[in-house]
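Encoded as structure tokens, the structure appears first; notes follow it.
Everything numeric in this text was worked out from a predicted model, so none of it was measured. Quick note on labels: first sequence line is chain A, next is B, and so on, each numbered from 1.
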Amino acid sequence: MLRSNYCGEVNLKQLGQEVNLSGWVNTWRDHGGVIFIDLRDRTGVVQLVFNPTTNKEVHAVAQSVRDEYVLNIKGIVEHRPEGTVNKNLSTGEIEIKVSSIEILNPSKALPFQIRDDINVAEEVRLQYRYLDLRRPKMFKNFNMRHKVSFLVRDYLDKQGFLEVETPILFKTTPEGARDYLVPSRVNPGEFYALPQSPQMLKQTLMISGFDKYFQIAKCFRDEDLRADRQPEFTQIDIEMSYISEEDIITLTEGLVSYVFKNALGRDIGAPFTRLTYEAAMDQYGTDKPDLRFALPLVNITEIAKNAEYKIFASIAAAGGIIKGLNAKKCGTFSRMEIDNLIEFVKTIGAKGMSWFKVENGKLESNLSKFFSEEIKTEMMKAFKAEEGDLILIIADKPAGANQALDHLRRHLGEKLSLIDKDKFVFEWVLEFPLFGWNEEEKRFDAMHHPFTSPKPEDMQYFDKEPGKMKARAYDLVLNGTELGGGSIRIHTRKIQEMMFKAIGITDEQAKDRFGFLLDAFEFGTPPHGGIAFGLDRLLMLMLKEGSLRDVIAFPKTQKAQCPLSGAPSFAEEKQLRDLHIKVVELPKKEDKNTEQV
RNA sequence: GGGGUCGUGGUGCAGCUGGUUCAGCACGUCUGCCUGUCACGCAGAAGGUCGCGGGUUCGAAUCCCGUCGACCCCGCCA
């Protein structure tokens, strides 16, 4: 072992003793005579001192050293001289008088400095990820990641859960996200799929009597990336038998509280707020509202549709809604600031936005002539509008208006500093619809997934009005980010078949895709349910990072590439032949898109 | 598939109403000086076909078209 201590852990306890340290040159300061080197490892830095009068040879080596050289040194731990103590360092009271030094490996000049406060393009950071990960902040992130995984295992183990691994090479399931396919060499023309989640297998484990299962599971979805979406990500996946919604909610609250308490020292105040899907959509325009701040949405369709403003009337008549929010005290906004807000909602897909300022107790704007005094008074009441407020209104189809207002609400929350960034506000969203209407396919889709149990009291609507049915599902939301969701599952063949039928899956397709699960349901399947939540997202929020990439060691860019390794890349002809795959040019465009046959 | 922002020495940025204060600033690198600094300091130096291709023009980092890439968003993500 080339060290007796970690750099950041040398302190007054070793005073007068010889220590053996290894690490990187964080910074070096040559004063012509004395040289200081801050030696760094994952625990922190310690100051090495080289004095030419006490050891000329060692001093000469120190002179040749540069940033990120890897050193091994021996030296005596000494008190720093009066007045030179550095309170910002854990090792700031001591320094090492070096008696021997070996350069284990030099380093080229760096593409960027190994510091927390760098401002470097993400592309460059990912290309040199090994350097990026040397930064203390990154180590802190991954230390936290380790800790959280450990705490999850610890908590669930204490609750009697069994961690079971499920296969990465699995079966394609056309429902849901696009699959990553893996060709089978020994079965020409056939493909595995990487799992989008271990959903069916964890249910199978319930049928097998494992009773309480969990897994910190890798999941894969071949969809376009976002700041909070990577093609491969990690889920804390949980399933239990003989339970109701309340059991999962209680377990999850206990787990999350345990993790926050032991990883961050924070009490997060379980039980969490609960709201229904309907209330969430109504008040915030989203099924994952950020409850760190208020700024609720107000539906004024019934009031505003009667105004002489044709746009409102026609949208309301076509089944749209007129909805808005009250930006308190924003009546001082300039025309340009308001125009910027309008531009902002347009990028979200809104066609426009109306606004009113409250001036002299009245609603004033370029549109006010279209609104009678009576309507304006009612609108003010609805928005609880006071002098100096700014009312912003969007009229559109419900989904479009809600989406734009949700973004606007969050945008204003940031802009007006309404959000306490130190807070962690959790909530449960309940009473989800079982189905969502798929306009493109002109049929219903499972809103959650097709294994979600309907509420028993809604069974009567299965044939006639599936859109009315509610699911036994629950989503966990933290600070406006969906952390995870789950449900009580269907556990009988009959209801599962009804479900498939409702979303347009034929008996044949069901048998081909999910046949084993349907069969298994007939061999004594216990009622069961579970939850899955994103470990990466949880960490992103705990660490207050803006991107998943800062909590994933080797993440992908928005084009799903790895700048470090260059993946994905072309395969050798022989590999393709073994896999019975031929890459051909797509006939359509003259670009280099290819397809596999 | 669509929209937005961006691309200038190793890194981050300025310049972008076209023309020797237009190739500049900061950090980094290199050389020299400096015995108590800790983002040490001081002096000097090297380093860029301004993402790539085409066009307009007497002249393009600057204007136009295309293309590639990064990031953010929409679609998509049960």
If pairing means Watson-Crick or G-U wobble with both distances under 3.5 Å, then the partner of rU5(B) is rA70(B)
| said: Test of understanding: with ring pair (Phe, Tyr, Trp, His ring centres under 6.0 Å), list the residues that count as partners of Phe170(A), not counting sequence neighbours. | reply: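 With sequence neighbours excluded, Phe170(A) shows a ring pair (Phe, Tyr, Trp, His ring centres under 6.0 Å) to no residue whatsoever.
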Sorted by chain and residue number, the ring pair (Phe, Tyr, Trp, His ring centres under 6.0 Å) partners of His79(A) (sequence neighbours excluded) come out as none
Donor + acceptor pair across side chains of Gln127(A), Glu123(A) (<3.5 Å)
no
Closest to the side chain of Arg549(A), out of rC72(B), rA70(B), rG12(B), is rC72(B)
Test: side-chain hydrogen bond (donor to acceptor under 3.5 Å, both in side chains). Region: residues 228-237 of chain A. Which pairs qualify, not counting sequence neighbours?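 Qualifying pairs: Arg145(A)-Thr234(A), Lys202(A)-Asp237(A), Tyr213(A)-Asp237(A), Lys218(A)-Glu232(A), Glu232(A)-Lys556(A).
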Residue pairs passing the side-chain hydrogen bond (donor to acceptor under 3.5 Å, both in side chains) test with at least one member in residues 130-141 of chain A, sequence neighbours excluded, are Glu68(A)-Arg134(A), Arg125(A)-Asp132(A), Arg129(A)-Asp132(A), Asp132(A)-Arg135(A), Lys137(A)-Glu545(A), Asn141(A)-Glu545(A)
Quick tally for nucleotides 35-45 of chain B: nucleotides whose base has a protein heavy atom under 4.0 Å get B, sugar-phosphate-only ones S, the rest -, giving BBBBBB-----
query = Looking at Gln403(A), does any N or O in its side chain come under 4.0 Å of the phosphate oxygens OP1/OP2 on rG75(B)?
reply = yes
Please determine whether a side-chain nitrogen or oxygen atom of Lys346(A) lies at a distance below 4.0 Å from atom OP1 or OP2 of rG3(B).
no
- Query: Side chain of Asp224(A), base of rG75(B): donor and acceptor closer than 3.5 Å?
  - Reply: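 A donor-acceptor contact between them is present.
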Sorted by chain and number, sequence neighbours left out, side chain to side chain contact (heavy atoms under 4.5 Å, CB included) with Lys544(A) holds for Asp422(A), Phe424(A)
